[in-house]
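Both counts, for ligands and for their atoms, begin at 1 and track the order of listing. The residues of the chain are indexed from 1 along the displayed sequence.
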Amino acid sequence: MAYEKIEQLFINGARRPGSAGETRDVIHPATGKSVATFCEATSDDTIAAITAARTAFDNGHWRSFSAEQRSKILERVADILTRDKDLFAEAESRDTAKRIVEAHYDMDDIISVFRHFAKEVLKPHVREVNTGRENVHSKIVVEPVGVVGMITPWNYPLLQASWKIAPAIAAGCTFVIKPSELTPSTTSMLMEVLSEAGIPDGVANAVYGAGATAGEPLSTHPDVDMVSFTGGLTTGKHVMASAAQTVKKVALELGGKNPNIIFADADMDAAIDNALTAVFLHSGQVCSAGARLLVERSVHDNVVDEIARRADNIVLGSSHDDKAQTGALISAGHRDKVEAYVAAGIAEGAVLRAGGIRPTEPELADGFFFRPTVLDNCNTTMSCVQDESFGPVLTVEVFDTEEEAVRLGNDTIFGLAGAVWTTDDDKAARVAAALRHGTIWINDYHPYVAQAEWGGFKQSGVGRELGEAGFAEYLEHKHIWHNLKPAPSEWFPEGPE
Ligand code: NDP
């Protein structure tokens with residue numbers, strides 16, 4: 001397939017420029033150079049997309065598609081993405097600067113998400129209700145929520161989009177998506193895939209541009225029934241407050257400040273190696289990054305020495321550099337924030353054990369690179385322990401007892417993910433039960449599957465993506481009560497004349 005005109009908005013099955021004629025360059029983070037120019041949507045353009053989605057939901061033939069038909073479309077999407085995987089991986093790594101190999105892993109995950117929801121939609125979703133009454137047939141049926149506004153971030157652009165789009169299509173919703181202005185390419189390419197797979201015009205719409213203009217109507221417009229947002233806490237709160245004005249259904253996937261707990265009895269080779277992956281994968285730009293290392297005091301020195309040594313050896317480079325182990329941060333502005341965060345940590349008493357600087361290699365000078373950083377001697381009063389850096393920064397705290405490890409692991413406003421490393425299965429189970437985070441890994445870090453729910457406790461979000469619950473977010477449950485023998489209720493019997 002030729003992915004032509006993907007720089008234009010996709011509204012009601014057609015490409016068009018933004019109505020104000022404005023454009024925005026997409027900058028490749030490893031070089032600082034423009035690699036594409038996308039049309040910018042005004043809020044009126046987004047409202048036009050919402051109207052297309054509303055019309056397709058209320059009046060189009062999409063509502064007559066059976067679960068089997070929607071399942072087949074999702075399978076076709078997965079097939080087309082498999083066919084065009086290289087094109088998508090290239091575009092994703094061009095926008096994000098992630099290594100091409102990582103972009104290929106992402107594509108495998110994305111394809112599995114579409115296949116998962118193709119199966120999920122075929123499960124029986126009608127529930128008979130035993131009312132305890134004769135002559136009544138009562139059942140619960142599910143229906144699509146309606147028009148969904150989707151807002152996605154820049155770190156895993158197509159993956160985050162697929163977590164929303166696949167269940168929305170499975171449920172029979174229509175949608176308008178606004179990807180991050182920094183990384184719109186693959187979301188825009190996906191619109192072509194959806195058309196090729198047989199999605200009717202108006203069901204899928206995409207607009208590009210800044211959140212405050214192109215994104216805002218998705219949480220404020222009365223024709224949107226649900227807003228599904230993935231991004232930072234501050235924007236998430238704003239979206240939730242805006243959506244409250246029209247009482248929309250809201251799903252939020254926000255940040256995390258995720259504890260990675262290493263007990264002294266852990267398999268140390270595995271624990272140390274995975275501690276590096278936990279925090280430095282994709283340069284720490286991962287919502288579930290294991291950015292807080294909690295380590296038992298008796299092994300602290302060995303663990304931190306080794307992690308710092310290996311962090312200093314991590315090779316930075318561009319997407320197609322075979323020797324590179326991780327890439328650049330998404331933008332110059334984001335790198336500034338990460339640098340300020342590290343400086344604040346040091347000012348608060350953290351001890352710099354690795355990184356904390358930009359790389360010195362001349363070939364990396366134009367990109368937004370930052371060395372993997374380890375801050376030791378941290379505690380929960382410090383901003384670097386409480387605030388999300390969303391960069392390659394590990395903070396280290398020590399603990400003496402299991403209770404203290406749990407208390408520290410829960411001492412955060414977030415609750416997205418965490419891990420515990422120990423060879424004592426009972427201890428692992430106790431700690432996993434006591435941690436208030438949406439995903440807990442025992443002796444592992446980062447794996448997830450489309451069949452398992454993903455989401456946060458506390459201020460890491462509202463609702464779930466993936467799994468059965470991730471499908472239910474896009475459904476309304478309707479109770480149908482059928483009285484098989486109607487009779488007067490005699491609640492208000494006819495009184496005397
Ligand atoms: P932001 O919150 O800055 O942006 C997320 C999206 O919201 C972008 O598309 C942005 O548009 C848009 N947006 C901004 N303002 C508005 C608005 N007023 N109305 C509607 N949309 C708006 O997050 P980032 O893009 O910086 O992503 C990083 C954050 O995302 C991190 O905090 C991370 O933890 C979180 N995240 C969470 C995940 C999870 O599963 N829990 C997964 C991935 C990331 P634009 O930027 O184009 O202006």
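Judged by distance alone, the side chains of K98 and S93 never bring a donor and an acceptor atom under 3.5 Å apart. With 3.5 Å as the limit, one finds a donor-acceptor pair spanning the side chains of D86 and H104. Y474 and S228 are linked by a side-chain donor-acceptor pair at a separation below 3.5 angstrom, with hydrogens and angles left out of the test. No donor-acceptor contact under 3.5 angstrom links the side chains of T31 and D366, judged on distance only. With 3.5 Å as the limit, one finds a donor-acceptor pair spanning the side chains of W421 and N260. Looking only at atom types and distance, the side chain of E7 has no donor-acceptor partner in the side chain of T37 under 3.5 Å away. In the model, R15 has a side-chain atom that pairs as donor or acceptor with a side-chain atom of S188 under 3.5 Å.
Between T230 and ligand 1, no N or O atom pair is found at a separation short of 3.5 Å. Every N/O-N/O distance between C287 and ligand 1 stays at or above 3.5 Å.
Among protein heavy atoms, the minimum distance from atom 23 (O) of ligand 1 is reached at G232 N, 3.3 Å. With hydrogens left out, the protein atom closest to atom 18 (N) of ligand 1 is E216 OE1, 2.7 Å, a heavy atom. The protein heavy atom nearest to atom 15 (N) of ligand 1 is T235 CG2, 3.3 Å. Residue, atom and distance of the protein heavy atom nearest to atom 48 (O) of ligand 1 are G211 N, 2.8 Å. Looking only at heavy atoms of the protein, atom 37 (C) of ligand 1 is closest to L254 O, 3.0 Å.
Neither the backbone nor the side chain of V286 has any atom closer than 4.0 Å to an atom of ligand 1 (non-hydrogen atoms only). When heavy-atom distances to ligand 1 are checked against a 4.0 Å cut-off, I151 comes that close only through its side chain, counted from C-beta outward.
Each of Y341, W154, F370 was evaluated against F390; a single residue qualifies, W154, per the ring-ring contact (aromatic ring centres under 6.0 Å, His included) test.
The closest non-hydrogen atom to atom 30 (O) of ligand 1, taken over P179, P153, G255, G231, comes from G231. Within the set E181, E388, K178, Q160, the minimum heavy-atom distance to atom 11 (O) of ligand 1 is found for K178. Of the listed options F390, W163, F229, Y156, F390 places a heavy atom closest to atom 31 (C) of ligand 1.
For ligand 1, the atoms lying closer than 4.0 Å to a non-hydrogen atom of A210 are 48 (O). Which parts of ligand 1 touch G215 is read off a 4.0 Å heavy-atom cut-off, strictly below it: atoms 19 (N), 20 (C). Below 4.0 Å from some heavy atom of W154 lie the following atoms of ligand 1, by number and element: 24 (P), 25 (O), 26 (O), 27 (O). Close approach of ligand 1 to H238 is summarised as follows: ligand atoms under 4.0 Å from at least one heavy atom of the residue are 18 (N). The distance from ligand 1 to the heavy atoms of S180 drops below 4.0 Å at these ligand atoms: 9 (O), 47 (O). The contact set between ligand 1 and N155, taken as ligand atoms under 4.0 Å from a residue heavy atom, comprises 43 (C), 44 (C). Residue contact check: T152 has heavy atoms under 4.0 Å from atoms 6 (C), 8 (C), 9 (O) of ligand 1.
Residue G209 places a heavy atom less than 4.0 Å from ligand 1. For W454, the closest heavy-atom approach to ligand 1 falls below 4.0 Å. Under a 4.0 Å heavy-atom criterion, S219 is not in contact with ligand 1.
Ring centroids of W163 and F114 are separated by 6.0 Å or more, keeping the two rings apart. You'll find the ring centres of Y105 and Y156 outside the 6.0 Å limit.
A salt bridge links E468 to K123: at least one charged side-chain nitrogen sits closer than 4.0 Å to a carboxylate oxygen. Of the charged side-chain nitrogens involved, at least one lies within less than 4.0 Å of a carboxylate oxygen, so that K164 and E465 count as a salt-bridged pair. Ion pair D225/R54 flagged as a salt bridge, since at least one NZ, NE, NH1 or NH2 atom sits closer than 4.0 Å to an Asp/Glu carboxylate oxygen.
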